[in-house]
Amino acid sequence: MKLEDIIEKQYSKEYKENLDHMLFLRAAIDRNLRGKVDPEEDAIPKYANIIPQLRKRANVEKRRDTTYVVRQQIESRRSYFNRVVLAVDGGESGKVLREYVGHLARGGFDIAYKDLPSDFIDAVQDMDGENTSIKDFADSVAWELLGMGKAYVLTLPHPAGHPNEGTPYSQIIKREDVLDCAYENGGFKFFKYKAEHCFYDGLERYEVEKIVLITQDEFITAWYNDKGKMTIQSREQNTLGVVPVAEGWLGHGANSIIDSVATLQFVTMNAESVLSQKIRQQAMNILCVPDGASDIDSQIQSLSASIYIKEPNGSKDTRWAGYPSSGLDGDFKYIEWNVRRVSDLASLRYKDSTSTQTSGYSKAWDFMDTDAVLQIAATGVEDIINQTIGFWMLILGQAQVGKVFTVKREFQPKDLLQTLQIILQAIGIGVGETAEKGLKRLTRDSLRHIGLNLSEEDRAKSDQEIEQATLNPVVNDILSIAGQPMAEPDADETENDNED
């Protein structure tokens, strides 16, 4: 198989099977589900490959509508076009995703600058060649990872002649643009992706879709020439000896966090579009006439109205028929139900019981699932950024430094009672002086959740006090109790407490 054929025709299984779904997720995130209608009558609607019943009808060779507004079973092209123009895409997916990324970034991050060379510290303030700091770049990676389930970051040196020649820069490759890749010995054997490319012949501008194939030996760029043939445009040596692409997954399945929300966004937009059409048509009256009357057509021609319907035999009188003005309650309730499902799927708020008899320590919180997802996302972002930093060090000719980027996991206020109990039990069973002092510092730092924020100077004094502190006899008694398993209350005691 020739290299040109590999570039043009070889695609990964994920790309071939999941491209339509990935494009759907991207449109939902970008609030672009509404799109527009293709003027071609035989165009395949874009939703055809995401609705199971319509997949077998889709023909990838035909142009597609860019809209995800579903055409009704009996609907004219003009009616469909008008409905698409008036459709409302609420952008729920992007809003939920923004909340998740905000929670993830709430605590900020740490970088072990002491382990990094000075030229890297200066260069990393412009991660992508467009003055994007490493913090903002990490937020963009989190957006891509949570929104699409996978994120890829390509790192290259600026080319010769560039003001920052030789300095690394990184860019996010969209998941739906990754055409093929393979792994070998813990890294990529090759990586192929597509991207928009613009070049000039004098003042004449050309825009093409280029395909880039990166191997451990070469950087190969190709695109279709003016005769429609895939042509290799450049082949450059890869002096790095590795494929400089970092990859991160959102958990084992690499599924988007907003997958279900995007589906509801799609359903809600279509339900609202149909409901709006019903409301508009309520103002339209249709003249109904009895079918079979010999002179009815001549009578109608004398009327100024040009729209009428011939009713089946049995109708005796000419009458005005209005679109039903009732029966919309079910439509409204269906849309309201979908909006509530979006809110429930977001799982970004605390939810407690409304019962006045529920104690403060037994209230039900629903943030735990969100916290677990954010823990996974934080790990994914750390992996990608640390891999990227590794490629930066390689390009700069510096020694590898390992894990230097860490996301601060401060997604929710911790249950202070539970935290302190774990710490006290750990100290009570005897974990050694060094670990004990570390736990005391952790306990001190946990107090910020109830408003005790120490300055850097106060923290330094506190560290000194912890080093010099001796065990308080009263605390020793508490620790001896904390080291024992907590006893469950007797049923009788529980009943007495409830009666009180």
Side-chain angles (χ1 to χ4, degrees), residues 1-19 21-23 25-26 127-129 137-138 140-145 147-159 167-197 208-224 230-250 252-256 380-396 400:
M1 195 172 184
K2 295 195 305 182
L3 181 59
E4 288 86 349
D5 292 334
I6 293 175
I7 293 174
E8 180 182 17
K9 301 175 182 179
Q10 182 171 294
Y11 300 100
S12 68
K13 181 179 179 181
E14 178 182 77
Y15 182 81
K16 290 187 290 186
E17 295 183 355
N18 299 328
L19 175 61
H21 187 66
M22 290 188 285
L23 292 174
L25 288 175
R26 183 70 64 184
M127 283 289 294
D128 59 358
F137 190 80
S140 298
V141 170
W143 179 276
E144 185 74 11
L145 183 66
M148 299 301 295
K150 277 187 185 180
Y152 300 90
V153 174
L154 169 65
T155 302
L156 297 170
H158 284 291
T167 302
Y169 71 97
S170 300
Q171 63 185 86
I172 295 173
I173 305 297
K174 294 180 179 179
R175 184 177 183 180
E176 64 269 26
D177 289 340
V178 179
L179 305 178
D180 197 10
C181 59
Y183 301 93
E184 184 178 69
N185 299 326
F188 283 108
K189 181 178 181 179
F190 69 87
F191 186 86
K192 184 173 71 170
Y193 70 97
K194 63 182 179 181
E196 297 298 323
H197 178 62
V208 298
E209 184 179 79
K210 69 177 181 179
I211 297 179
V212 180
L213 174 62
I214 305 174
T215 71
Q216 296 172 353
D217 303 313
E218 285 185 294
F219 293 97
I220 304 168
T221 303
W223 59 74
Y224 290 103
M230 180 62 66
T231 306
I232 294 177
Q233 304 293 332
S234 66
R235 299 182 70 164
E236 301 177 15
Q237 182 183 4
N238 182 359
T239 58
L240 300 175
V242 297
V243 177
V245 176
E247 179 191 37
W249 293 32
L250 185 63
H252 180 71
N255 295 318
S256 167
V381 172
E382 289 173 349
D383 288 345
I384 293 172
I385 298 299
N386 283 299
Q387 290 177 55
T388 300
I389 290 175
F391 292 130
W392 275 60
M393 303 303 286
L394 181 63
I395 293 172
L396 293 172
Q400 295 297 311

Quick one: ring-ring contact (aromatic ring centres under 6.0 Å, His included) partners of [X], sequence neighbours excluded?
| X | result |
| --- | --- |
| Phe219 | none |
| Trp249 | none |
| Tyr15 | Tyr11 |

_Any pair counted as side chain to side chain donor-acceptor pair (under 3.5 Å), so long as it reaches residues 386-395, sequence neighbours left out_ =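 Qualifying pairs: Ser170-Trp392.
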Measuring from atom [atom1] of [X] to atom [atom2] of [Y], what distance do you get when rounded to the nearest 0.5 angstrom?
| X | Y | atom1 | atom2 | result |
| --- | --- | --- | --- | --- |
| Gln216 | Asn185 | CD | CG | 8.0 Å |
| Ser234 | Lys210 | OG | NZ | 8.0 Å |
| Ile173 | Lys150 | CD1 | NZ | 14.5 Å |

Can you name the residues that form a side chain to side chain donor-acceptor pair (under 3.5 Å) with [X], not counting sequence neighbours?
| X | result |
| --- | --- |
| Glu209 | none |
| Thr215 | none |
| Gln233 | none |
| Asp128 | Thr132 |

Would you say that [X] contacts [Y] through its side chain, given a criterion of any heavy-atom pair below 4.5 Å between the two side chains?
| X | Y | answer |
| --- | --- | --- |
| Val242 | Phe391 | yes |
| Met230 | Ile211 | yes |
| Leu3 | Leu213 | yes |
| Leu154 | Ile214 | yes |
| Ile7 | Ile232 | yes |
| Asp217 | Asn238 | no |
| Trp143 | Ile172 | no |

- Task: Please assess Glu184 against Phe190 for the test side chain to side chain contact (heavy atoms under 4.5 Å, CB included), listing each intermediate value before the final yes or no.
- Result: CA-CA 9 Å; Glu184 184 178 69; Phe190 69 87; over 6 Å; no
List, one per line, each side-chain donor-acceptor pair under 3.5 Å for residues 175-183, sequence neighbours excluded.
residue, atom, partner, partner atom, Å
Arg175, NH1, Met148, O, 2.5
Arg175, NH1, Ala254, O, 3.0
Arg175, NH2, Glu14, OE2, 2.7
Glu176, OE1, Arg26, NH2, 3.1
Glu176, OE2, Arg26, NE, 2.7
Asp180, OD2, Gln10, NE2, 3.0
Tyr183, OH, Glu247, OE1, 2.5
Tyr183, OH, Glu247, OE2, 2.6

For a quick test of reading the model, state the closest non-hydrogen atom pair linking [X] to [Y] and the distance between them.
| X | Y | answer |
| --- | --- | --- |
| Ile384 | Ala151 | CD1-CB, 3.6 Å |
| Val141 | Val153 | CG2-CG2, 4.1 Å |
| Phe137 | Gln171 | CZ-N, 4.4 Å |

For this session: Verify the distance criterion only: is there a donor paired with an acceptor across the side chains of Tyr152 and Glu144 at less than 3.5 Å?
Result: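 The criterion, which ignores hydrogens and geometry beyond distance, is not satisfied for Glu144 and Tyr152.
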Residues that [X] engages under side chain to side chain contact (heavy atoms under 4.5 Å, CB included), provided they are two or more places apart:
| X | result |
| --- | --- |
| Lys13 | Glu17 |
| Gln237 | Thr239 |
| Leu396 | Phe120, Pro168, Gln398 |

Lys192 side chain to Ser12 main-chain N or O, any donor-acceptor pair under 3.5 Å?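 Flag not set: sc Lys192 to bb Ser12 has no pair under 3.5 Å.
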